[in-house]
Q: 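Here it is, the structure, as structure tokens.
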Amino acid sequence: MKSRSFIDTCILHAVAGNGGNGSNSFRREKFVPRGGPDGGDGGRGGSIYLVGDEDVDSLISIYYDPERRASNGGAGMGRYRHGANGKDVEIPVPLGTRVKDEDTGREFGEILEHGQRMLVAEGGRGGIGNVHFKSSVNQAPTDCTPGRPGEEVRLRLDLALLADAGLVGFPSAGKSSLLREITSAHPKVASYHFTTLRPIIGTVMLPATFSSFRIADIPGIIKDAHKGAGLGHAFMRHIERSKVLVFVVDMGGEEGRDPVDDYKTLLNELEQRDPSLLERPRIVVASKMDLDDAKKNLRAFKKETGVTPIETTLLDPAGFEKLVRRLVRMIKPAPRTAGRAPVAGKAVEIRTMEKALPHRRNEKRVLRRQEKTGRESSPGHTPPKPIEGRGENPDAADVVTARTQKYGTFFHF
């Protein structure tokens, strides 16, 4: 069975670690008749955090592993020793994730920035040892407290893709083809009627300004999508965070639809979903301008709506370049001159030349030993003596023996 590749809604069962128990201990040593209590405190239980990560674009990892548990804190010990704290669990989630309690409906908030950490389940506090109960009237206390249990919650995570621009259009209107032309994404395109089944994000790279911006392609919207028709009801929330809406209209009428009716239907569906969407900046793109009826439909579209769309066709990239220039003026992407901080738990080991080449590391060790001890070898090892006495004549008698000279012609010495 083919696995799902995109998940935008899932349930997370988060269980934080319990705190460690406090210790009830007394100091018992020779010649210390009145050692007194020395029980240490228990460690804190591990907490669970959600961390925003730009490199994650789906909730699929949580969907297939919905239960996450943090480790418990260690118990306190004698000699005032504190128990080990439980290890925190950090779960990377895509930007635009909304978090709320599945049972109570309480809103935890949203994760919108890379590296943003949200505490969803706090670990239990560790218990205290009997040393804290010592006083002038209670010099040998036997009291200690147990660790508190960690929080346990059921969370509902809903993803609304965080993109600078969102593509809006009917199925087979040309949204996926547009995304392939201006970004490095590779959505499926074909010459037959079908629709995108999952949102896709593409990044437009601007090397001249060291900047970039993202475009989200959602499944096609049809009439009555706000009521649940088609796939639009499930995925329309992915354009709610877009700064600019790009309406892709099939100007060639390849599917037998009227471009004017398509545009009005899209505006109505967005208004029914959220009236504030119509107040955002928008661009209208006339796709498939290489078809026969495209020019005629374009004139009627301009006259009826008063909008001048950007004409695009796969045969000429000029229209796509014009679209990118207009998006840059409207979005104004900031240049990224500095690297972003990595998300905790995803550290990558950097292999230097010393780690990659063991013989270079050995040479460095020999040099350090030579500077410290005056010899290259380790103690207890006698290095071989160098051969001496050859000089300029390698066939001298003190080097080449008579036996070697006898068999020299055979061995080609």
Q: Of all residues at least two apart in sequence or in a different chain, which pass the side-chain contact (heavy atoms from CB on, under 4.5 Å) check with Asn24?
A: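 side-chain contact (heavy atoms from CB on, under 4.5 Å) list for Asn24, sorted by chain: Phe26, Asn130, Thr142, Cys144.
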Q: Using the salt bridge (Lys or Arg N to Asp or Glu O under 4.0 Å) rule, collect all pairs that involve residues 104-114, keeping only residues at least two apart or in two chains.
A: Arg98-Glu110, Glu110-Arg241
Q: After noting the C-alpha distance and the side-chain angles of Ser47 and Leu119, does the key distance pass the side chain to side chain contact (heavy atoms under 4.5 Å, CB included) rule?
A: CA-CA 7 Å; Ser47 302; Leu119 176 63; 3.7 Å; yes
Q: Show me the pairs that pass salt bridge (Lys or Arg N to Asp or Glu O under 4.0 Å) and involve residues 242-251, at least two apart or across chains.
A: Asp164-Lys243, Asp250-Lys288
Q: Is the closest side-chain heavy-atom distance between Val285 and Pro309 below 4.5 Å?
A: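 They are not in contact (no side-chain heavy atoms under 4.5 Å apart), so the answer is no.
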Q: Holding to salt bridge (charged side-chain N to carboxylate O under 4.0 Å, His left out), I want the full list of residues that pass it with Arg154, two or more places apart in sequence or in another chain.
A: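 Arg154 satisfies salt bridge (charged side-chain N to carboxylate O under 4.0 Å, His left out) with no other residue.
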Q: Once salt bridge (Lys or Arg N to Asp or Glu O under 4.0 Å) is applied, what residue pairs with a partner in residues 65-89 remain, sequence neighbours excluded?
A: Arg44-Asp88, Asp65-Arg68, Glu67-Arg69
Q: Does anything in residues 127-160 form a ring pair (Phe, Tyr, Trp, His ring centres under 6.0 Å)? List the pairs, not counting sequence neighbours.
A: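 The answer is none; no pair qualifies.
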Q: Apply ring-ring contact (aromatic ring centres under 6.0 Å, His included) to Phe320 and list each qualifying residue two or more places apart in sequence or on a separate chain.
A: none
Q: Determine yes or no for a side-chain-to-main-chain donor-acceptor pair under 3.5 angstrom, with His82 supplying the side chain and Gly40 the backbone.
A: no
Q: Using a 3.5 Å distance criterion without hydrogens, assess whether the side chain of Asn21 forms a donor-acceptor pair with backbone atoms of Gly147.
A: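 Yes.
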Q: Can you check whether Met77's main-chain N or O pairs, donor with acceptor, with Ser25's side chain at less than 3.5 Å?
A: no
Q: Are the side chains of Phe247 and Leu267 in contact, using a 4.5 Å heavy-atom criterion?
A: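 When only atoms from C-beta onward are counted, Phe247 and Leu267 do touch, with a gap below 4.5 Å.
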Q: Might you point out which heavy atoms bring Leu278 and Glu271 nearest each other, and give the distance in Å?
A: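 Closest pair (atom of Leu278, atom of Glu271, distance): CD1-CB, 3.6 Å.
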Q: Main chain of Leu112, side chain of Gln116: is a donor-acceptor contact present, judged purely on distance under 3.5 Å?
A: yes
Q: With no hydrogens and no angle check, is any side-chain donor or acceptor of Arg280 less than 3.5 Å from a backbone partner on Glu240?
A: yes
Q: Mark yes or no for whether Thr145, through its side chain, and Ile128, through its backbone, hold a donor-acceptor pair below 3.5 Å.
A: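 Such a contact is found between Thr145 side chain and Ile128 backbone.
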Q: Might you work through the side chain to side chain contact (heavy atoms under 4.5 Å, CB included) test for Ser176 and Asp217, ending with a clear yes or no?
A: CA-CA 7 Å; Ser176 299; Asp217 176 21; 3.2 Å; yes
Q: Return yes if some donor-acceptor pair links the side-chain N/O of Asp53 with the main-chain N/O of Val93 below 3.5 Å, else return no.
A: no
Q: Just to verify, what does Phe301 make a ring-ring contact (aromatic ring centres under 6.0 Å, His included) with, not counting sequence neighbours?
A: Tyr263
Q: What is the distance from atom NZ of Lys175 to atom CG of Leu167, rounded to the nearest 0.5 Å?
A: 7.5 Å
Q: Working to the nearest 0.5 Å, report the span between CZ of Arg125 and CD of Glu122.
A: 10.5 Å
Q: Are the side chains of Leu157 and Thr9 in touch, meaning some heavy atoms are under 4.5 Å apart?
A: no
Q: Minimum heavy-atom separation for Val56 to Pro92, with atom names?
A: CG2-CB, 4.2 Å
Q: I want to check something: taking the side chain as every heavy atom from C-beta on, are Leu206 and Pro333 in contact at a cut-off of under 4.5 Å?
A: yes
Q: So which heavy atom on Val120 is nearest to which on Glu151, and how close?
A: O-OE1, 4.0 Å
Q: I need the Leu298 CG to Lys303 NZ distance, nearest 0.5 Å.
A: 13.5 Å
Q: Does the side chain of Val131 reach to within under 4.5 Å of the side chain of Asp38, using non-hydrogen atoms?
A: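 No, side chains not in contact.
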Q: Roughly how far, to the nearest 0.5 Å, is the CG atom of Leu12 from the CG atom of Leu155?
A: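 CG of Leu12 is found 5.0 Å from CG of Leu155.
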Q: Considering residues at least two apart in sequence or located in another chain, which fulfil the side-chain contact (heavy atoms from CB on, under 4.5 Å) criterion with Leu327?
A: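 Once residues adjacent in sequence are excluded, the partners of Leu327 under the side-chain contact (heavy atoms from CB on, under 4.5 Å) criterion are Ala165, Phe213, Ile215, Val244, Val246, Ile283, Leu323, Ile331.
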Q: Salt-bridged, Arg27 to Glu29, with N to O below 4.0 Å?
A: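 Judged by the 4.0 Å cut-off on N to carboxylate O distance, Arg27 and Glu29 do form a salt bridge.
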Q: Donor-acceptor check, side chain of Asp41 to backbone of Gly129, threshold 3.5 angstrom: yes or no?
A: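 Pair found, side chain donor or acceptor close to backbone of Gly129.
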Q: Could you pull out the closest heavy-atom pair between Ala70 and Gly46, with the gap in Å?
A: CB-O, 3.2 Å
Q: For the residue pair Glu311 and Lys322, establish whether any side-chain heavy-atom pair is separated by less than 4.5 Å.
A: no
Q: To the closest 0.5 Å, what do you measure between CD1 (Ile111) and CE (Met118)?
A: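 If I round to the nearest 0.5 Å, the distance is 4.5 Å.
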Q: With no hydrogens and no angle check, just 3.5 Å: does a side-chain donor-acceptor pair link Thr209 and Ser211?
A: yes
Q: Checking side chain to side chain contact (heavy atoms under 4.5 Å, CB included) against Thr97, which of Ile62, Leu59, Leu50 comes through?
A: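 Among Ile62, Leu59, Leu50, the one that satisfies the side chain to side chain contact (heavy atoms under 4.5 Å, CB included) with Thr97 is Leu59.
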Q: Can you list the steps and then say if Arg148 with Asn18 is a side chain to side chain contact (heavy atoms under 4.5 Å, CB included)?
A: CA-CA 6 Å; Arg148 297 182 181 179; Asn18 300 328; over 6 Å; no
Q: In the structure I gave you, are the side-chain heavy atoms of Met251 and Lys295 within less than 4.5 Å of one another anywhere?
A: no
Q: How would you list, by chain and number, every residue that makes a side-chain contact (heavy atoms from CB on, under 4.5 Å) with Asp262, sequence neighbours excluded?
A: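 Scan of Asp262 (side-chain contact (heavy atoms from CB on, under 4.5 Å), adjacent residues dropped) gives Phe170, Arg257.
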Q: Please assess Val51 against Ile91 for the test side chain to side chain contact (heavy atoms under 4.5 Å, CB included), listing each intermediate value before the final yes or no.
A: CA-CA 6 Å; Val51 185; Ile91 306 173; over 6 Å; no
Q: Apply the side chain to side chain contact (heavy atoms under 4.5 Å, CB included) test between Pro259 and each candidate in Asn297, Val284, Asp293; give the one that qualifies.
A: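 It is Asn297, the one option of Asn297, Val284, Asp293 that forms the side chain to side chain contact (heavy atoms under 4.5 Å, CB included) with Pro259.
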Q: Which residues pass the salt bridge (charged side-chain N to carboxylate O under 4.0 Å, His left out) test with Lys100, sequence neighbours left out?
A: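 Result, salt bridge (charged side-chain N to carboxylate O under 4.0 Å, His left out) vs Lys100: none returned.
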Q: Contact between Val168 and Leu266 at the side-chain level, heavy atoms closer than 4.5 Å - yes or no?
A: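 Yes, their side chains come closer than 4.5 Å.
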Q: For Asp103, I'd like to know if atom CG has over 12 heavy atoms of other residues, nucleotides or ligands within 6.0 Å.
A: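 Correct, the count exceeds 12.
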Q: What is the distance from atom CD1 of Ile201 to atom OG1 of Thr203, rounded to the nearest 0.5 Å?
A: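 Taking CD1 in Ile201 and OG1 in Thr203, the distance rounds to 7.5 Å.
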Q: Partners of Ser276 by side-chain contact (heavy atoms from CB on, under 4.5 Å), sequence neighbours excluded?
A: Asp274
Q: Taking all non-hydrogen atoms of both residues into account, name the closest pair between Gly78 and Ser23 and its distance.
A: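 Residues Gly78 and Ser23, closest heavy atoms: N-OG, 3.9 Å.
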Q: Tell me whether Ser242 contacts the main-chain N or O of Leu245 through its side chain, where contact means a donor paired with an acceptor under 3.5 Å.
A: no
